[in-house]
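Numbers here are sequence positions counted from 1.
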Amino acid sequence: MAQNSVSSFFVFEAKKTAMDYFPLFLDARKLNVLIVGAGEVAARKLELIMKTPATVTVVAPWVCDTVKLLANNEKVTLIEREFQDTDLSDKDMVFIATDKGDVNQYIHDLARANKVLVNVVDNTPLCQFITPSIVDRSPIIIAMSSGGVAPVLLRYLRQKLETVLPANLSRLGAFSEKFREKVKQTLNGVTARRYFWEDVLDGDIAEMVEKGQDKKADEAFDVALQAAAEDKKVEGQVYLVGAGPGDPDLLTFRALRLMQKADVVVYDRLVSPQILELVRRDAEKIYVGKAKSNHTLPQDDINQLMVDEAKKGNRVVRLKGGDPFIFGRGGEEIQTLIQHGIEFQVVPGITAASGASSYAGIPLTHRDHAQSVVFATGHLRNGTIDLNWPALAQKNQTAVFYMGLTGLPIICEKMIEQGLDASTPIALVQSATTEKQQVLTGTLEDIVAKQEKAQLQPPTLIIVGSVVGLHDELNWFQE
């Protein structure tokens, strides 16, 4: 049995495709590049080369506007005439981008004879090298190639990488360079240094660097390096992350990145299972959901839980439905963190009002219907619905109530009492942005009876205002 397995392994290895192109990075600081042709195709190559310190010469009898604009740079020499053999003198690399096949072939052969690296654009057989698809986070550069056989797949992969890699990754590259020698002098052994850098790049310090908090990052780095030298664990940090209204595709890139770094995730009832699936697999997940008269943990205990976990050295993600600062008790939670000296960050999320209205086809503002919008909670801390009803019941305004399903009769009664017409449209949106979404519309006068029949369940958002009348016309998410 073992012999068969070994045989199969070597058969598999024998069938592997060799790399037709060897990937490498050229030092462009003294690179002298020639581009023959000056149309839009040549412009794309010129634009790419100009991201480096290389000097560029462009030769062509006709020049497009894009090349003329790009050539207005001290690194670029534009020669408006036909190619001459002497143009290849002292060149290290040439891009050939004319629309004449015989000219391209001639320059290709001449370049090869003169040991000049040559690329005939859109003619792979005549390319000594090809330009890869690039994700640029200089000094971090990721280059990918399909050898010219799958350009669409390559664009797809690049798109995926662009969404995963932080836009400010370049700062991490510079930061790593700045402290590289100091780490080498402080920590003995390649393995110890590697583990340390992995912790830094995957933790709070990297987040500080990406946000431009240089002084704070430098101080935290020194503390972490000293702790690593003494084999100690530094205190962790808490991230209050908005998980959005339910659809995982509505998470921000930053939220997803932190969820995949977390050691501990404290999540509530409004976080969908699909979103929870995106959390790092080996992270500890602690449920602290709240329903009416059924709290898994009181708020004070949740606050203390985050403090305790951070003091253990864990990266704690407090994952909250919607946005932490819009009826998410985020303010209360960070007050406790501040009192205990715990570092924290807040990552906004798409709030339920925005998600529910968008997916229900109910714009919160509209020039013909509502010039303002107000958010209110339908459930206060003391269990009442003692709100500023005159301010909420305004014409040409949209009122959105969170957690108001139980108090729906009171909401309708008070809005009418304060002057809104009983025929004012109202919508209940259950499980917004998910496949379980339901939208129930009516008026302030009849919605309570409709809800008694429909029995929508939390989480359900309430939208009041004439904009609700646009639901039938603008409803794009559901039939």
Side-chain angles (χ1 to χ4, degrees), residues 51 134-144 157-183 193-228 233-244 248-266 275 278-280 283 306 309-310 313-320 323-325 330 333-334 337-338 341-350:
K51 293 182 177 181
I134 294 173
V135 178
D136 186 3
R137 301 287 193 274
S138 297
I140 307 302
I141 300 172
I142 299 174
M144 300 177 292
L157 292 175
R158 179 187 172 188
Q159 175 187 342
K160 289 293 184 183
L161 280 175
E162 289 282 9
T163 62
V164 172
L165 297 175
N168 294 326
L169 187 63
S170 57
R171 293 178 180 172
L172 275 179
F175 184 84
S176 300
E177 181 183 15
K178 180 170 69 173
F179 284 104
R180 182 182 180 188
E181 190 60 33
K182 186 173 184 178
V183 172
R193 293 194 290 269
R194 177 168 62 85
Y195 286 164
F196 172 76
W197 277 116
E198 286 176 352
D199 287 341
V200 168
L201 297 175
D202 198 37
D204 306 330
I205 297 173
E207 294 293 330
M208 297 173 193
V209 174
E210 289 167 10
K211 291 172 60 181
Q213 298 174 335
D214 297 336
K215 183 179 179 181
K216 191 175 181 180
D218 289 354
E219 293 172 352
F221 186 91
D222 287 336
V223 171
L225 183 58
Q226 186 61 36
K233 194 169 185 179
V234 296
E235 197 170 84
Q237 188 170 115
V238 176
Y239 302 93
L240 273 68
V241 175
D249 286 343
L250 298 181
L251 281 169
T252 63
F253 294 151
R254 184 170 178 77
L256 181 59
R257 194 163 68 247
L258 293 176
M259 287 162 58
Q260 294 175 345
K261 289 182 179 181
D263 301 308
V264 176
V265 176
V266 180
I275 289 177
L278 300 176
V279 169
R280 198 177 94 188
M306 292 188 293
E309 291 296 336
N314 290 321
R315 290 188 293 265
V316 182
V317 165
R318 173 66 169 108
L319 197 57
K320 310 170 79 69
D323 181 275
F325 275 12
E333 293 177 351
I334 64 174
L337 298 176
I338 291 171
I342 302 296
E343 292 285 340
F344 67 89
Q345 296 181 32
V346 181
V347 181
I350 294 178

### Query
Taking NZ, NE, NH1 and NH2 as the nitrogens, is one of them in D214 or R171 under 4.0 Å from a carboxylate oxygen of the other?
no
### Task
Run the numbers on E207 and R315 for salt bridge (charged side-chain N to carboxylate O under 4.0 Å, His left out), then give the verdict.
CA-CA 12 Å; E207 294 293 330; R315 290 188 293 265; over 6 Å; no
### Query
So, for A228 and F196, which heavy atoms are closest and what is the spacing to 0.1 Å?
CB-CD1, 3.7 Å
### Query
Would you find more than 12 non-hydrogen atoms of other residues, nucleotides or ligands less than 6.0 Å from E181 atom CD?
yes
### Message
Less than 4.5 Å apart, side chain to side chain, heavy atoms only: is that true for F179 and D218?
### Response
yes
### Query
Closest approach of L201 and K261, non-hydrogen atoms and distance?
O-NZ, 4.0 Å
### I140 side, atom CD1; L169 side, atom CG - distance, nearest 0.5 Å
6.0 Å
#### Entry: Within-4.5 Å side-chain heavy-atom neighbours: L337 and L240
yes
### Query
Which heavy-atom pair separates Q237 from D204 by the least distance, and what is that distance?
CB-OD2, 3.0 Å
### Task
First locate atom CD1 of I342, then atom CD1 of I334, and finally report the distance between them rounded to the nearest 0.5 Å.
13.5 Å
### Message
Ignoring hydrogens, what is the shortest heavy-atom contact between I205 and A217? Give both atom names and the distance.
### Response
CG2-O, 4.0 Å
### Task
Mind telling me whether W197 and F221 have parallel, tilted or perpendicular rings, with 30° and 60° as the class edges?
tilted
### Message
Please give me the minimum heavy-atom distance between S170 and P139, naming the atom from each residue.
### Response
O-CD, 3.6 Å
### Query
Taking C-beta and beyond as the side chain, do M144 and L161 meet within less than 4.5 Å on heavy atoms?
yes
### Message
Set out, in order, the CA-CA distance, both residues' side-chain angles and the distance that settles side-chain contact (heavy atoms from CB on, under 4.5 Å) for E162 and R137, then state yes or no.
### Response
CA-CA 10 Å; E162 289 282 9; R137 301 287 193 274; 2.9 Å; yes
### Task
Report yes if some heavy atom in the side chain of V317 is under 4.5 Å from a heavy atom in the side chain of V279; otherwise report no.
no
### Task
State, with a plain yes or no, whether a side-chain heavy atom of K182 is found less than 4.5 Å away from one of L225.
yes
#### Entry: Note, R280 side chain near D263 side chain (heavy atom, < 4.5 Å)
yes
#### Entry: Spacing of CZ belonging to R158 relative to CG belonging to L165, to within rounding of 0.5 Å
11.5 Å
#### Entry: Over 12 non-hydrogen atoms of neighbours within 6.0 angstrom of NZ in K178
yes
#### Entry: Check against side-chain contact (heavy atoms from CB on, under 4.5 Å), R254 and R257
CA-CA 5 Å; R254 184 170 178 77; R257 194 163 68 247; 3.3 Å; yes
### Query
How long is the span from the CD1 atom in I142 to the CD1 atom in I134, to the nearest 0.5 Å?
11.0 Å
### Message
Less than 4.5 Å apart, side chain to side chain, heavy atoms only: is that true for K211 and K216?
### Response
no
### Message
Give me the atom names and distance for the closest heavy-atom approach of G242 to A255.
### Response
O-CB, 4.2 Å
### Task
Mark yes when over 12 heavy atoms from residues, nucleotides or ligands other than R180 sit less than 6.0 Å from its CZ; otherwise mark no.
no
#### Entry: Point-to-point distance, once rounded to the nearest 0.5 Å, from CE of M306 to CZ of R318
6.0 Å
### Query
Going through the checks in order, is the side-chain contact (heavy atoms from CB on, under 4.5 Å) test met by L278 and L256?
CA-CA 7 Å; L278 300 176; L256 181 59; 3.9 Å; yes
### Message
Can you confirm whether L319 sits close enough to Y239 that some side-chain heavy atom of one is under 4.5 Å from a side-chain heavy atom of the other?
### Response
no
